[in-house]
Amino acid sequence: MARITAGVATSHVPAIGAALDNGRSGEPYWKPLFAGYDFSKQWIAQQKPDVVVLVYNDHASAFSLDIIPTFAIGCAASFPPADEGWGHRPVPMVEGHPELASHIAQSVIQQDFDLTIINKMDVDHGLTVPMSLMFGQPERWPVRVIPLAVNVVLFPPPSGRRCLELGKAIRRAVETFDEDLDVQVWGTGGMSHQLQGPRAGLINKEWDNRWLDRLIDDPEAVARIPHVEYLREAGSEGVELVMWLIMRGALAPKVRTVHRFYHVPASNTAVGHVILENAS
Amino acid sequence: MALDKPYSDIPGTVIFDADQARKGYHLNQFCMSLMKADNRTRFKRDERAYLDEWPMSEEQKQAVLARDFNRMIALGGNIYFLAKLFSTDGKSFQYTAASMTGLTQEAYATMMLQGGRSPEGNRRVGETPSAGSSDKEAK
């Protein structure tokens, strides 16, 4: 049977991808950020997951204002990197896992989560930057990926509670898949940041770190945080953090922290990163 | 009954909700069109002519031509759609964010390196900044 072996969360700032793609990751500005992922690269090389369910948000790349699904699961065999206005990122094609994706879709819809099924989709920096942070710059990504896109662009995003419960439903779905697969769930986006208006540049280190503590130890409490608190305390784009609750919901109630990293700034954003495993 | 908007007292912040999205539909879809290289070329060749292909308000078109991002956001633009416009210009998120704050690029970059804009005094309109907050109060 398939099993969920670990959860990973990370910010997905586009400037991180640009720094890597343009050979600037060794510069003093970027070096401390990439150093925070050295352990993670070694860890995942040992873990060798078969599939990652990668929770991210599309940034007006695959979804225009014509159709805005709250939760959408990618069931295609592959997903090309999107052209976000400056050409495609020079990263490999993302290979999907259509069988497991379809199984998750059927299972969680029957658990009352009405996912939108996507059979053709370009994936933007929200998905490819976490891949680069965890795997570096390989010729082929060493894992298959099921994109799970969450709307956090048009207010309101799904509630924290809904995200946590979806994570639990995904876990039940994975555990009923017949193939022997190691599956990780990743949550991406955040942490505190605001990209717009006179308040742009907002960072709230204390709030971010308290939120991380609670995500690890008391996710049910984090699931009750209203959206307005994210907007006020973590910036208008900080509300992306609800996506981390899907990752957390897919893990056991008790987890152990394998790695934790926090860094300010990457461009406009506070970068957070954790690796969690189920506590035995 | 109107929708509850508990976020309307956050200073210097427009939340992209259903009302904003309705106002900004064509502005945002115009930005989205710049994801195609051919469209970027046509737009760069004659911005005004390209904009006139879209049923946007004159005010929205003027905001685009002036690259006034605060104005575009007030008129229903969303930053992730507007990103296609500033990417077409070869500008970054940081460049554009700085342009909306009233700070110079350099001052904004320095603020970020020093830990970013403090939430103190920036949580709600009329909040008194606590001692030690050195940020420019956003309005």
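A note on names: the letters A, B, ... follow the listed sequences, proteins ahead of strands, and every chain is numbered from 1.
No more than 12 heavy atoms of other residues, nucleotides or ligands lie within 6.0 Å of NZ in Lys120(A), so this atom counts as exposed by the packing criterion. In this structure, Glu58(B) places its CD atom where more than 12 heavy-atom neighbours from other residues, nucleotides or ligands lie under 6.0 Å away.
Proximity to chain B is limited to the side chain of Pro14(A), based on heavy atoms less than 4.5 angstrom apart. For Phe63(A), the part lying under 4.5 angstrom from a heavy atom of chain B is the backbone only. Looking at Met112(B), both its backbone and its side chain come within 4.5 Å of chain A, counting heavy atoms on both sides. Contacts between Asp66(A) and chain B at a heavy-atom distance below 4.5 Å involve backbone atoms as well as side-chain atoms. When heavy atoms are compared at a cutoff of 4.5 Å, His227(A) does not approach chain B at all.
For residues 41-55 of chain B, an interface with chain A (any heavy-atom pair closer than 4.5 Å) does not exist. For residues 65-98 of chain B, the interface with chain A (any heavy-atom pair closer than 4.5 Å) comprises Asn70(B), Ile73(B), Asn78(B), Ile79(B), Tyr80(B), Phe81(B), Lys84(B), Ser87(B), Thr88(B), Phe93(B), Gln94(B), Ala97(B), sorted by residue number. Within residues 21-31 of chain B, the residues having any heavy atom under 4.5 Å from a heavy atom of chain A are, by residue number, Ala21(B), Gly24(B), Tyr25(B), Asn28(B), Gln29(B).
Chosen from Ser61(A), Pro156(A), Pro226(A), the residue pairing most often with chain B at heavy-atom distances under 4.5 Å is Ser61(A). Among Leu202(A), Val228(A), Val239(A), the residue making the largest number of heavy-atom pairs under 4.5 Å with chain B is Leu202(A).
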List the steps, then state whether side chain to side chain contact (heavy atoms under 4.5 Å, CB included) holds for Thr13(B) with Leu231(A). CA-CA 9 Å; Thr13(B) 303; Leu231(A) 302 174; over 6 Å; no
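Minimum interatomic distance between Asp83(A) and Arg40(B) (heavy atoms only, all atoms of both residues): OD2-NH2, 3.1 Å. Across all their heavy atoms, Arg123(B) and Arg199(A) have their closest contact at CA-NH1, 4.2 Å. Residue Pro119(B) comes nearest to Ile203(A) through the heavy atom pair CD-O, 3.4 Å, listed as atom of the first residue, atom of the second, then distance.
Arg117(B) places a side-chain N or O within 3.5 Å of a backbone atom of Pro198(A) that can act as its donor or acceptor partner. Judged by distance alone, the side chain of Arg232(A) and the main-chain N or O of Ile10(B) form no donor-acceptor pair under 3.5 Å.
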Do any side-chain atoms of residues 262-269 of chain A form donor-acceptor pairs under 3.5 angstrom with protein atoms, and if so which ones, sequence neighbours left out?
from	atom 1	to	atom 2	distance (Å)
Tyr262(A)	OH	Asp208(A)	OD2	2.5
Asn268(A)	OD1	Tyr108(B)	OH	2.7

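Rounding to the nearest 0.5 angstrom, the gap separating the CD atom in Glu84(A) from the CG atom in Leu34(B) is 13.5 Å.
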